A.B. asks: 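Submitted below is the structure of interest, expressed as structure tokens.
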Amino acid sequence: MLAPSGGKVLKGALANTNSAVTLPAFLVPAFQSTAPRRQFSSTTNRSSKLGRSPILIPPGVELIIGEPIVKKDPTTYLKIPTRLVTVTGPLGKLNMQIPPYIHINHDEETSRAVLSIEDTKAKQQKEMWGTTWAYLKQYIIGVSEGHTAVLRLVGVGYRAMVEERPKKEEYPGQKFVCLKLGFTHPVEEPVPLGIKASTPQPTRILLEGINREEVMSFAARIRKWRRPEPYKGKGIFVNDETIKLKQKKIK
């Protein structure tokens with residue numbers, strides 16, 4: 001089989017030659033006209049199931065959509081146009097950047113927001129359609145109701161307390177989650193700004209905040225000290241997390 005460039009050159013040489021040329025048998029299939037290949041999938045393009053569904057905006061939540069601006073990406077140093085969406089509610093305010101090809105139709109009479117994209121056939125736009133819908137939904141829930149995470153400490157002697165450390169605080173009034181997890185020293189995790197931590201029980205930690213990403217990130221930082229292990233079932237579990245126990249190794 002000839003390369004694409006070599007085949008074009010040979011075809012042009014054969015077209016300019018007046019005398020009859022006999023091709024070898026193994027080259028004949030390469031110069032025969034073949035039917036166009038069938039596409040892998042013949043189904044029609046479908047829009048995003050999440051992206052096309054409207055988002056209900058509860059009372060007291062305000063959605064402000066800004067004009068497109070150009071920002072420089074800190075990793076690639078490319079100028080990328082973005083649009084700033086501000087979600088304000090009773091619990092606080094969150095800012096969200098969306099691509100310029102995503103449009104938000106905010107109907108204040110029905111208190112609904114519908115997302116749409118410019119090209120329904122572009123792969124990147126379809127991917128960001130549902131992703132932007134999910135982030136906007138979480139932001140609206142965060143400023144109106146808030147997000148929570150419950151951590152369960154399973155193990156002998158595992159305890160948790162929320163205390164203040166004036167010498168270590170990064171901002172006024174910062175608290176620390178103090179953990180006793182079987183180490184020779186207590187573990188102290190500073191609570192980020194905008195997150196509230198409490199211990200309703202010695203083996204329970206309740207995290208509250210308006211930004212779900214920050215709440216779950218802080219929960220993961222606490223969990224990393226004692227990840228659930230599959231033999232005794234001990235560790236720090238987040239929300240409804242479970243683990244399947246394994247049989248003990250018998251020598």
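What you see is a predicted model, and the numbers here were worked out from it, not measured in a lab.
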A.B. asks: Is there a path of hydrophobic side-chain contacts, each under 4.5 Å between heavy atoms, that joins Val85 and Leu91?
C.D. replies: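 Cluster IDs for Val85 and Leu91 match.
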A.B. asks: Quick one, Gln125 and Glu118 - any side-chain contact, counting heavy atoms below 4.5 Å?
C.D. replies: yes
A.B. asks: Do you know which two heavy atoms are closest between Ile243 and Phe237, and how far apart they sit?
C.D. replies: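 Closest pair (atom of Ile243, atom of Phe237, distance): CG2-CE2, 3.8 Å.
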A.B. asks: Does CD in Glu188 sit with more than 12 non-hydrogen atoms of other residues, nucleotides or ligands closer than 6.0 Å?
C.D. replies: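 Yes - once you tally the heavy atoms of other residues, nucleotides and ligands closer than 6.0 Å, there are more than 12.
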A.B. asks: Report the residues that fulfil side-chain hydrogen bond (donor to acceptor under 3.5 Å, both in side chains) with Arg223, sequence neighbours left out, ordered by chain and then residue number.
C.D. replies: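 Residues passing side-chain hydrogen bond (donor to acceptor under 3.5 Å, both in side chains) with Arg223: Glu241.
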A.B. asks: Kindly indicate, with the supporting measurements, whether the criterion side-chain contact (heavy atoms from CB on, under 4.5 Å) is fulfilled by Leu153 and Arg159.
C.D. replies: CA-CA 7 Å; Leu153 278 65; Arg159 295 290 184 270; 5.8 Å; no
A.B. asks: Take atom NZ in Lys137; do more than 12 heavy atoms of anything else shown fall under 6.0 Å from it?
C.D. replies: yes
A.B. asks: Is it the case that the side chain of Asn95 and the backbone of Thr86 share a donor-acceptor pair, with hydrogens and angles ignored and the cut-off at 3.5 Å?
C.D. replies: no
A.B. asks: Report whether Tyr171 and Phe218 are members of the same hydrophobic cluster (ILVMFWY, side-chain heavy atoms less than 4.5 Å apart, transitive linking).
C.D. replies: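 No; Phe218 is not reachable from Tyr171 via cluster members.
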A.B. asks: Nearest heavy-atom pair of Ile57 and Ala113: which atoms, and what distance?
C.D. replies: CD1-CB, 4.1 Å
A.B. asks: Hey, does the side chain of Ser217 reach the backbone of Glu213 with a donor-acceptor pair shorter than 3.5 angstrom?
C.D. replies: no
A.B. asks: Is the count of non-hydrogen atoms from other residues, nucleotides or ligands lying under 6.0 Å from Gln124 atom CD greater than 12?
C.D. replies: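 For Gln124, atom CD is not crowded (no more than 12 foreign heavy atoms under 6.0 Å).
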A.B. asks: Are any of the side-chain heavy atoms of Leu56 and Arg112 separated by less than 4.5 Å?
C.D. replies: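 SC-SC contact between Leu56 and Arg112 confirmed.
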A.B. asks: Check whether any side-chain N or O of Trp133 sits under 3.5 Å from a backbone N or O of Ser53 as a donor-acceptor pair, and report yes or no.
C.D. replies: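 Checking the backbone N and O of Ser53 against the side chain of Trp133, a donor-acceptor pair under 3.5 Å is found.
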A.B. asks: Specify the closest pair of heavy atoms between Arg52 and Trp129, including all atoms of both residues, with the distance to one decimal.
C.D. replies: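 In this case the closest contact between Arg52 and Trp129 is N-CZ2, 3.9 Å.
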A.B. asks: With a 4.5 Å cut-off on side-chain heavy-atom distances among I, L, V, M, F, W and Y, is there a chain of contacts connecting Leu181 to Val154?
C.D. replies: no
A.B. asks: What's the shortest heavy-atom distance between Ala197 and Val177, and which atoms?
C.D. replies: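 Nearest heavy atoms, Ala197 then Val177: CB-CG2, 4.0 Å.
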A.B. asks: With a cut-off of 6.0 Å (strictly less than), are more than 12 heavy atoms of other residues, nucleotides or ligands near CG of Asp240?
C.D. replies: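 No, the 6.0 Å shell around CG holds no more than 12 heavy atoms from other groups.
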A.B. asks: Less than 4.5 Å apart, side chain to side chain, heavy atoms only: is that true for Met161 and Lys180?
C.D. replies: yes
A.B. asks: Indicate if Ile55 and Val87 have the same hydrophobic cluster label, given that clusters are the connected sets of ILVMFWY residues with side-chain heavy-atom separations under 4.5 angstrom.
C.D. replies: yes
A.B. asks: Would you mind telling me which of Val162, Ile236, Leu179 makes a side chain to side chain contact (heavy atoms under 4.5 Å, CB included) with Ile205?
C.D. replies: Leu179
A.B. asks: Where does the angle between the aromatic ring planes of Tyr139 and Tyr135 fall among parallel (under 30°), tilted (30 to 60°) and perpendicular (over 60°)?
C.D. replies: perpendicular
A.B. asks: Testing the basics here: between Cys178 and Arg165, what is the closest heavy-atom pair and its distance to 0.1 Å?
C.D. replies: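 Scanning both residues, the minimum pair turns out to be SG-NH2, 3.4 Å.
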A.B. asks: Please say which of Ile210, Asn211, Ile141 ends up in a side chain to side chain contact (heavy atoms under 4.5 Å, CB included) with His147.
C.D. replies: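 Exactly one pass, corresponding to Ile141.
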